[in-house]
Number of protein chains: 2
Amino acid sequence: MLDAAAELTYRDGVSIGIEALCRSAGVSKRSMYQLFAGKDDLLAASLERRIPSYVERLAPDPGETVTPRERILGVFERLEEGAALPEFRGCPFLAALVELKDPEHPASAVAGGAKQRLKEVFRAEAERGGARDPDLLSRQLMLVFDGANARAGAGIETLDGLTTTTATVLLDAAGVE
Amino acid sequence: MLDAAAELTYRDGVSIGIEALCRSAGVSKRSMYQLFAGKDDLLAASLERRIPSYVERLAPDPGETVTPRERILGVFERLEEGAALPEFRGCPFLAALVELKDPEHPASAVAGGAKQRLKEVFRAEAERGGARDPDLLSRQLMLVFDGANARAGAGIETLDGLTTTTATVLLDAAGVE
DNA sequence: GAGCGAGGAAACCGATCGGTATACGGGCTG
DNA sequence: CAGCCCGTATACCGATCGGTTTCCTCGCTC
């Protein structure tokens, strides 16, 4: 159910109907309203469920020999890999935030938390790498990350190497080894 | 009519109803369907109308003494000014692209064109400023610009100086005087 | 085999969607 | 003043929205 909801809302947007979600999940509306308080709840839960695998895919737990620079650039390499796939529509959390527009929406809080987790990874690696201003660097990297997601997801940009190149510039300027 | 549509779709998203648009514009549905073929048409036209003032506000025609660097950084300064306002919801064209998801939608083409116009400004100034790779620099700047729009528009980032700082790093790295 | 509860299918609710058609009203031209 | 026409207001269309309820069947327990 959660997986089907995640996939359909990612492909068609949050305005997809509940009926379609249930049909695709093979679950009756009755059952779904026993599991979730409403559409908002379902949406928030389906986003919540995606967070661990999302973060893990982009920034897997580092092995011993991975430098901060490698881990950060790895995020952008994996972003570019994903963006090359035809079904890529950008970061699902960013898309939900933009589509909902309402910061009060339960799903907005979840999506914001997902973005915060990735930013924390950036910040921690920035610190470990000796960046002059780790928080600034992490915010800059998030700008690039989300800009790339929005633009590539909308189909108005092709990333091949663009984000890794840009991130490298920022890492250099921040003094990360 | 176009202005009212622009404002409401910006604030509430493209899924706002036609009825609300007409009421807010003081125009009957009948008249609007004589002026536009349908909602898609209206949406595209209202976005189209915003392009000149949007570009002019962000990147006004340069006076004689404006350097490429100043003109580019001016875009980000104005972005940060706008993002500080409470009604800021991010770039309307980017929001439309993300919300519609459909590149075939007439409004998507218009929105993509608007983004292209801004990128052209960046590219031209990059060239004028002697950037090593003007096209690369303009793409990088658009990443920052759209990332900032998405994040600040969603309320998960505050820009104060973030984008100008980041753009400065990119300009320096590209060798723009 | 009888009784029971969970869950699926589908009808149903009022509201609203994009879009159309009708009816009325007020300002022009003769 | 008569006739006309543009635009507003409004009712209406079928479809779909989020959400609720009814019904009925299936599988489980005693």
Side-chain angles (χ1 to χ4, degrees), chain A residues 1-50 89 92-93 95-111, chain B residues 1-50 89 92-93 95-111:
Chain A
M1 175 81 245
L2 289 176
D3 295 334
E7 189 192 328
L8 278 191
T9 57
Y10 179 56
R11 205 189 50 191
D12 298 332
V14 299
S15 61
I16 181 79
I18 280 197
E19 197 114 19
L21 294 182
C22 292
R23 198 177 330 119
S24 152
V27 168
S28 72
K29 287 172 78 175
R30 176 198 173 91
S31 303
M32 102 96 82
Y33 275 103
Q34 279 172 224
L35 295 171
F36 306 97
K39 192 188 182 183
D40 295 353
D41 226 45
L42 168 63
L43 189 53
S46 83
L47 284 183
E48 181 93 54
R49 181 176 161 91
R50 300 186 70 154
R89 290 280 186 287
F93 306 104
L97 283 166
V98 172
E99 288 172 35
L100 293 174
K101 289 189 189 296
D102 175 15
E104 308 292 319
H105 195 291
S108 291
V110 173
Chain B
M1 173 82 247
L2 289 176
D3 295 333
E7 189 192 328
L8 278 191
T9 55
Y10 179 54
R11 205 189 50 191
D12 299 331
V14 299
S15 61
I16 181 77
I18 279 196
E19 198 115 19
L21 294 181
C22 291
R23 196 176 332 116
S24 152
V27 168
S28 72
K29 288 173 76 175
R30 178 199 169 91
S31 302
M32 101 96 79
Y33 275 103
Q34 279 172 224
L35 295 171
F36 305 98
K39 192 187 182 183
D40 295 354
D41 228 44
L42 168 63
L43 190 52
S46 83
L47 284 182
E48 180 93 55
R49 180 177 161 91
R50 299 187 72 154
R89 290 281 187 285
F93 306 105
L97 283 165
V98 172
E99 289 172 35
L100 292 173
K101 289 187 188 297
D102 175 15
E104 308 292 318
H105 194 291
S108 291
V110 173

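In what follows, chains carry the letters A, B, and so on, assigned in the order in which the sequence lines appear, proteins first and then strands, with residues in each chain numbered from 1.
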Here the pair of heavy atoms bringing B:Phe93 nearest to B:Ala111 is O-CB, 3.5 Å
Note: for B:Lys39 and A:Ser28 on DNA chain C, the residue whose nearest nucleotide lies more 5' is A:Ser28
Of all heavy-atom pairs linking B:Ser108 and B:Leu97, the shortest is O-CD2, 3.6 Å
dist B:Leu42:CG -> B:Leu47:CG (nearest 0.5 Å) comes out at 9.5 Å
Under 3.5 Å, which N/O atoms of the protein pair with N/O atoms of nucleotides 20-28 of chain D?
| residue | atom | partner | partner atom | Å |
| --- | --- | --- | --- | --- |
| D:dT22 | O4 | A:Arg30 | NH1 | 3.0 |

Chain B reaches DNA chain C, atoms under 4.0 Å from its heavy atoms, from C:dC17 to C:dA23
CD1 (B:Ile16) and CG (B:Leu43) are apart, to the nearest 0.5 Å, by 11.5 Å
For the backbone of A:Val14 and the side chain of A:Lys39, can you confirm whether one donor and one acceptor N or O come within less than 3.5 Å of each other? yes
Sequence neighbours excluded, the answer for side chain to side chain contact (heavy atoms under 4.5 Å, CB included) partners of A:Lys101 is B:Ala95, B:Glu99
Sequence neighbours excluded, the answer for salt bridge (Lys or Arg N to Asp or Glu O under 4.0 Å) partners of A:Asp102 is none
Here the distance between atom P of D:dG18 and atom CZ of A:Phe36, to the nearest Å, is 15 Å
Tightest non-hydrogen contact, residues B:Pro106 and B:Asp40, listed as CG-CB, 3.8 Å
The reported gap from OG in B:Ser46 to CZ in B:Phe36 (rounded to nearest 0.5 angstrom) is 8.0 Å
Per the under-4.0 Å heavy-atom filter, residues of residues 11-21 of chain A near DNA chain D come out as A:Ile16, A:Gly17, A:Ile18
Identify each donor-acceptor pair in which a side-chain atom of residues 21-30 of chain B lies under 3.5 Å from a protein atom, sequence neighbours left out, and give them as a table.
| residue | atom | partner | partner atom | Å |
| --- | --- | --- | --- | --- |
| B:Ser28 | OG | B:Ser31 | N | 3.3 |
| B:Ser28 | OG | B:Ser31 | OG | 3.2 |
| B:Arg30 | NE | B:Gln34 | OE1 | 3.3 |

